[in-house]
Amino acid sequence: MLAFLVGLLYLVGGRTVRSHDATGSRFVCSAIPAGSDPSCPFDPNGNRVQITSPVEEELQSTIFHLRETILQQKETIVSQQGTIKELNSKLSRCESAAEDSAGRSRGSSRRKDYSKNTMGDLPRDPTETIDQLEKTMQGLKGRLENLEQQQLRSNLSAATAAVVSGVGGNAVGPLPAELRELLKHRLGTLEGQLLKKVAELEEEKSQLYNETAAHRQRTESTLNSLLERITELERSNNAFKSPEDFKVSLPLRTNYLYGRIKKSLPEMYAFTVCMWLKSSALPGIGTPFSYGVPGQANEIVLIEWGNNPMELLVNDKVAQLPLSVSDGRWHHICITWTTRDGFWEAYQDGERLGTGENLAPWHPIKPGGVIILGQEQDIVGGRFDATQAFVGELSHFNMWDRVLRPVDIMGMANCSSYMPGNVVPWIDTNVEVLGGASKAALEICEDRMIES
């Protein structure tokens, strides 16, 4: 091919070499265009002038580029032949290592195919040659990678077998350094992940224990409160010898401690209210009881506020009572009232200490209200004022819809008789305490005798 190109170069350049004579001289003829001067022109300096046409120059340039291209392709082919030889060598080594480790004997024919000269019949076209070489190199690289992977799997299988054999007590050779490092790194990674998971489980266990402990503490607290409440209810139901033998304690002057009578009052034109009181609060014992109805919070009120004497309010009308019970001893008091002329009476320890009239005359007591023990109502059942709160103990609050006789009042005061109210009787189930007020057993006549 090179000889053909060189001949073409000389043929196009218009140069032909003739045979030489015996003396060694030669003639060189140059082709000239038709109609030109056949003489050989010379420049004024005596040099021969080379005359070429544009077509010749283009052909010469093309030949020059073809020559350069051929040389470059030749260098590329030589380089790729070296690469193919190196790949064939590596391929042979890999096949030999794979056969040694696996113990198989089927590689001879494959080696014969792989070691075949792939440069045997190359295409004549340089472009086809390069494409063929690239395909050959890609195929060799693919087979080389497959063999390397097979060798790695074979080494790993051998290492696993060695470990298993070592566990069983069989003697095995040392593992390759690369494989040992790989296994060591993998074991380290697994150990780190295991330790991390154990730490997470320990933390979760600790949190779960803390939550369980807190939940257990809350449950125990709730159960203790319920047990205390049950004990209190059992004590209130079972500790009293009779339903009326108890007292309500209001130890602080606040607007949230009070007792409440569950029953309400019917419409009444007269009433008697009696109770036992014990207080040493100064100034004033406060409000032992109040009865409020819609539209009139002060329907009936008994109050000793500040330095004022004890007062009875009926329909917000006031009468001062000559009673004094703030010595810290038990006292029995009774108040009677009738709508006829608004007549009232005040008893202390069985004795009538005062009377009066014109207290809300001809006013009927309205029904459907609320009776509060220990607080004065600004609205029905609420809006208490701490300065008007009763401080002390109260028992045997009874109410009738008539005026009792003096002998009946004296009998209750000296404990010779007991008369429960026909409208509001003093019964444990009829009285509830709120805001921290409490109920306790009390035998009033025995306490009264002890005080005397």
Side-chain angles (χ1 to χ4, degrees), residues 248 250 253-275 277 284-306 308-321 323 333-346 354-391 394 397-404 421-427 429-435 437:
V248 173
L250 304 165
R253 194 182 295 275
T254 69
N255 62 351
Y256 54 84
L257 273 74
Y258 64 98
R260 179 172 178 169
I261 303 298
K262 296 180 181 180
K263 292 187 66 176
S264 184
L265 300 180
E267 185 178 45
M268 298 186 301
Y269 298 93
F271 68 80
T272 298
V273 57
C274 295
M275 70 196 77
L277 294 178
I285 65 171
T287 307
F289 86 96
S290 64
Y291 174 68
V293 296
Q296 181 54 268
N298 295 327
E299 186 71 2
I300 304 175
V301 180
L302 182 64
I303 183 172
E304 184 181 81
W305 186 22
N308 298 320
M310 188 173 291
E311 298 176 340
L312 174 65
L313 281 70
V314 177
N315 192 29
D316 208 24
K317 305 302 186 293
V318 181
Q320 294 185 348
L321 309 179
L323 304 178
I333 64 172
C334 285
I335 308 296
T336 69
W337 174 87
T338 177
T339 187
R340 184 175 180 177
D341 297 328
F343 183 78
W344 58 268
E345 296 174 306
T355 62
E357 60 182 4
N358 202 29
L359 177 61
W362 315 111
H363 171 75
I365 302 300
K366 297 177 181 179
V370 177
I371 300 176
I372 297 295
L373 303 178
Q375 297 284 352
E376 189 270 338
Q377 307 173 55
D378 286 339
I379 61 173
V380 178
R383 196 183 291 173
F384 306 137
D385 185 351
T387 61
Q388 298 174 336
F390 172 76
V391 179
L394 185 149
F397 178 89
N398 290 282
M399 200 165 189
W400 298 261
D401 58 358
R402 67 183 187 274
V403 176
L404 295 182
N422 69 332
V423 176
V424 178
W426 182 252
I427 301 174
T429 57
N430 195 33
V431 180
E432 60 179 346
V433 291
L434 301 99

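Numbering of residues begins at 1 and proceeds along the displayed sequence. All heavy atoms count here, side chains included; hydrogens, waters and symmetry mates do not.
Taking the six-membered ring for Trp and the full ring otherwise, the centers of Trp426 and Phe397 sit at least 6.0 Å from each other.
Taking the side-chain contact (heavy atoms from CB on, under 4.5 Å) definition, one finds that Pro367 meets it with Glu267, sequence neighbours left out.
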Going through the distances and angles, do Phe384 and Tyr256 end up as a ring pair (Phe, Tyr, Trp, His ring centres under 6.0 Å)?
CA-CA 8 Å; Phe384 306 137; Tyr256 54 84; over 10 Å; no
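Annotation for Gly342 and Trp337: closest pair CA-NE1, 3.8 Å, computed over non-hydrogen atoms. Scanning both residues, Ala346 and Leu321, for their nearest heavy atoms gives CB-CD2, 4.3 Å. Phe390 and Thr287 make their closest contact through CB-O, 3.2 Å (heavy atoms, listed as atom of the first residue, atom of the second, distance). In plain terms, the two heavy atoms of Ala360 and Asn315 that are nearest each other are CB-CB, 4.3 Å. Scanning both residues, Ile371 and Lys263, for their nearest heavy atoms gives CD1-O, 4.2 Å. Shown here for Trp344 and Gln320, the closest heavy-atom pair between the two residues is CH2-O, 3.6 Å.
Ser290 contributes no side-chain N or O that, together with a main-chain N or O of Val301, makes up a donor-acceptor pair within less than 3.5 Å. Distance alone, capped at 3.5 Å, is enough to place a donor-acceptor pair between the Asp385 side chain and the Thr387 backbone. With Glu304 contributing its side chain and Ile285 its backbone, the two residues share a donor-acceptor pair below 3.5 Å.
Annotation: side chain of Ile300 is in contact with side chain of Ile365 (closest heavy-atom distance under 4.5 Å).
Side chains of Asp316 and Gln296: a donor-acceptor N/O pair is absent below 3.5 angstrom, by distance only.
The local environment of CZ in Arg253 is crowded, with over 12 non-hydrogen atoms from other residues, nucleotides or ligands closer than 6.0 Å.
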